[in-house]
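Report on the following structure.
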Amino acid sequence: MMPMMGMQPQIILLKDGTDTSQGKPQLLSNINACMAVVDTVRTTLGPRGMDKLIHDSKGAVTISNDGATIMKLLEIVHPAAKTLVDVSLSQDAEVGDGTTSVVIIAGELLKEAKAYIEEGVHPRSIMKAFRQASVYAVEQIKNISISLEDKPLEEIKVLLKKCAMTTLNSKLVSSEKEFFADMVVEAVTTLDPATLDLKMIGVKKVQGGGLRDSFMVDGVAFKKTFSYAGFEQQPKSFINPKILLLNIELELKAEKENAEVRLDDPAKYQSIVDAEWNIIYEKLANCVKSGADIVLSRLAIGDLATQYFADRGIFCAGRVEAADIERVFKATGARVQTTVNNLDPVALGTCAKFEEKQVGAERYNLFTGCPHARTATLVLRGGSEQFIDEADRSLHDAIMIVRRALKHAQVVPGGGAIEMELSKFLAGKALEKKDKSQLFIEAFAKALEVIPRQLCNNAGFDATEILNKLRQKHALADGSGKNFGVDVNSGDICDTYDAFVWEPSLVKINAIQSATEATCLILSVDETVRNPKSEVPDAASGAAAQA
């Protein structure tokens, strides 16, 4: 008997309950998810951007308009939309600013691609054209960027201040942007030019006072650590002190915590206690003998040691944070010691002045006039905790921008000017193509206009009218309008280069490259496989128990 020809055995590859979505609907679903994320941060762009208040499951409240911070706190679960979170965080880590721009550009590229996907265009064609457009755009940015190199330090500082003010324009602290821009430039220019290590800039937050009460310490500052009774008898100010850094405890431990000692004669117990005291006194005597005026330790300095140092006119602080110890070591030249035996005078550091100062409700230890000073500390003041946190995030962006501008001294005009110029340039490039890529490069050019458009929308201006003015200016044959962007103060357009709205070209290059890569990654996914069972907590252990 002949077997039934139409019967095909059912092949089961995946576990029961596994959800698979594939093809064009899946791709469009991913694009829609990403666009929903973009709409969340869209309104935070620019000087007139709105802030977001995020309230998490632990009850913590964050108020911010920093793209990377918002993306991080949103706790996005959609696998494709997480790509936008990653691209925003990478922009934050690489250049510090442009975190909202990169998400918005990626979203707009996906929106432009969506129309072609729906019409049946293969995603690979779009990806290839977008990558080509990205290369053209980066080349053009490099061509039109203005170099700030080979200028005297004072002039460079002024230029860096302009970049910092542009970054702070869109932050919560924009009302005091000039004050903070000066502070940031001073802090970054004190760093070692070879490394520009961010860890060497400490930021301390003290509630109370106004923004203008913030100040920069040309050296190291840290909050007074936990102290014992004798602390108040210690001197709180020194001129040219010798500084000793330790990584050992200077306190008595109860015998039972250290070791188990068995005695056959109770009279011997006192000799063990005496030995303990002799050990601690020997350590303290060695510290004093070294000639140190200030003793700092990462570990505890007990009440006995505190009183001992106070009696001899020495300042001490225990349980100092590792980052602060490292900055004191870099600034004063002191080396961290793990023993106090045979202390070498070379291991001691120094600074011009040490003082303990009241800042708001807190007391701070300040080391200023450091000979090896390649470090600075910013002490931020403000009314509420959330406000100071946002000021900290704003200054981080400004510090990153100034740091990048010092390393790569190339700037481009901001305010949407560079995006409009690139849009015009790519539209011209598209006409050189004879195949389908002409359409896709044109779509890329159109997508870049989203930045000036969003700047207008966020400021409450008529985006259509201002974009038409910008297109007309950028289309001028003599190139005189290439620096024109949105003027958020007057609601019109202006030459943003002359208005000192500058951004390091690296910010724009990184934003366009990252946004293009994120777009291509999302367009390349046409299937999602999800196993709900593996997502249930203890699912694996439960299955093992059943077996």
Indicate whether the side chain of [X] and that of [Y] have a donor and an acceptor atom separated by less than 3.5 Å.
{"X": "S64", "Y": "E390", "result": "yes"}
{"X": "S437", "Y": "D435", "result": "yes"}
{"X": "D478", "Y": "S480", "result": "yes"}
{"X": "Q26", "Y": "N30", "result": "yes"}

I'd like to know if the side chain of [X] and the backbone of [Y] have a donor-acceptor N/O pair within less than 3.5 Å.
{"X": "T496", "Y": "A499", "result": "no"}
{"X": "K52", "Y": "T40", "result": "yes"}
{"X": "T166", "Y": "W502", "result": "yes"}
{"X": "T516", "Y": "I512", "result": "yes"}
{"X": "T377", "Y": "A221", "result": "yes"}
{"X": "D56", "Y": "A60", "result": "yes"}
{"X": "K424", "Y": "H474", "result": "yes"}
{"X": "Q140", "Y": "L422", "result": "no"}
{"X": "N510", "Y": "L506", "result": "no"}
{"X": "N483", "Y": "C494", "result": "no"}

- Query: Step by step, would you call I201 with T190 a side chain to side chain contact (heavy atoms under 4.5 Å, CB included)?
  - Reply: CA-CA 9 Å; I201 296 181; T190 59; 5.9 Å; no
- Would one find more than 12 heavy atoms of other residues, nucleotides or ligands at under 6.0 Å from atom CD of E178? no
- Query: With a cut-off of 6.0 Å (strictly less than), are more than 12 heavy atoms of other residues, nucleotides or ligands near NZ of K353?
  - Reply: no
Indicate yes or no: does [X] engage [Y] in a salt bridge with an N to O separation below 4.0 Å.
{"X": "D392", "Y": "K204", "result": "no"}
{"X": "E442", "Y": "K446", "result": "no"}
{"X": "K24", "Y": "E118", "result": "no"}
{"X": "D492", "Y": "K469", "result": "yes"}
{"X": "K508", "Y": "E419", "result": "yes"}
{"X": "K223", "Y": "E321", "result": "no"}

Can you give me the closest heavy-atom contact between [X] and [Y], atom names plus distance?
{"X": "M216", "Y": "L378", "result": "CG-CD2, 3.5 Å"}
{"X": "L45", "Y": "S101", "result": "CD1-OG, 3.6 Å"}
{"X": "L476", "Y": "G481", "result": "CD1-N, 4.3 Å"}
{"X": "T189", "Y": "V185", "result": "OG1-O, 2.7 Å"}
{"X": "L380", "Y": "A391", "result": "CD1-C, 4.1 Å"}
{"X": "V488", "Y": "R48", "result": "O-NH2, 3.7 Å"}

- Message: Please evaluate residues H396 and D92 with respect to the criterion side chain to side chain contact (heavy atoms under 4.5 Å, CB included), reporting the C-alpha separation (whole Å), side-chain torsions for both, the decisive distance (0.1 Å), and the verdict.
- Response: CA-CA 10 Å; H396 169 265; D92 192 42; 3.9 Å; yes
- Is it true that the NZ or CZ of K473 lies under 6.0 Å from the centre of F484's six-membered ring and within 45 degrees of the ring axis? yes
- Message: I'd like to know whether F215 forms a side chain to side chain contact (heavy atoms under 4.5 Å, CB included) with V217, so could you lay out the CA-CA distance, the side-chain angles of the two residues, the decisive distance to 0.1 Å, and finally the verdict.
- Response: CA-CA 7 Å; F215 60 92; V217 178; 3.5 Å; yes
Beyond-backbone contact of [X] with [Y], side-chain heavy atoms, under 4.5 angstrom:
{"X": "H78", "Y": "V37", "result": "no"}
{"X": "L159", "Y": "V411", "result": "no"}
{"X": "V328", "Y": "F222", "result": "yes"}
{"X": "L160", "Y": "V184", "result": "no"}
{"X": "R403", "Y": "M400", "result": "yes"}
{"X": "D389", "Y": "T62", "result": "no"}
{"X": "I76", "Y": "V85", "result": "yes"}
{"X": "L366", "Y": "V220", "result": "no"}

- Verdict with reasoning, K205 to E385, per salt bridge (Lys or Arg N to Asp or Glu O under 4.0 Å): CA-CA 9 Å; K205 296 176 268 193; E385 191 183 337; over 6 Å; no
- Step-by-step side-chain hydrogen bond (donor to acceptor under 3.5 Å, both in side chains) determination, N32 to S29: CA-CA 5 Å; N32 290 336; S29 165; over 6 Å; no
Can you measure from [atom1] ([X]) to [atom2] ([Y]) and round to the nearest 0.5 angstrom?
{"X": "K111", "Y": "M35", "atom1": "NZ", "atom2": "CE", "value": "6.0 Å"}
{"X": "N169", "Y": "K177", "atom1": "CG", "atom2": "NZ", "value": "3.5 Å"}
{"X": "L426", "Y": "F444", "atom1": "CG", "atom2": "CZ", "value": "6.5 Å"}
{"X": "K142", "Y": "S505", "atom1": "NZ", "atom2": "OG", "value": "8.5 Å"}
{"X": "Q91", "Y": "T99", "atom1": "CD", "atom2": "OG1", "value": "7.0 Å"}
{"X": "I388", "Y": "L395", "atom1": "CD1", "atom2": "CG", "value": "11.5 Å"}

- Please walk me through it: do N458 and R453 pass side-chain hydrogen bond (donor to acceptor under 3.5 Å, both in side chains)? CA-CA 9 Å; N458 290 354; R453 187 185 303 116; over 6 Å; no
- Task: Please work out which of the three classes, parallel, tilted or perpendicular, describes the rings of Y116 and F440, given edges at 30° and 60°.
- Result: perpendicular
- Task: Pick out which of N65, T44, T43, D66 makes a side chain to side chain contact (heavy atoms under 4.5 Å, CB included) with T100.
- Result: T44
- Query: side chain to side chain contact (heavy atoms under 4.5 Å, CB included) between Q410 and I146: does it pass, once the steps are laid out?
  - Reply: CA-CA 5 Å; Q410 310 277 334; I146 299 142; over 6 Å; no
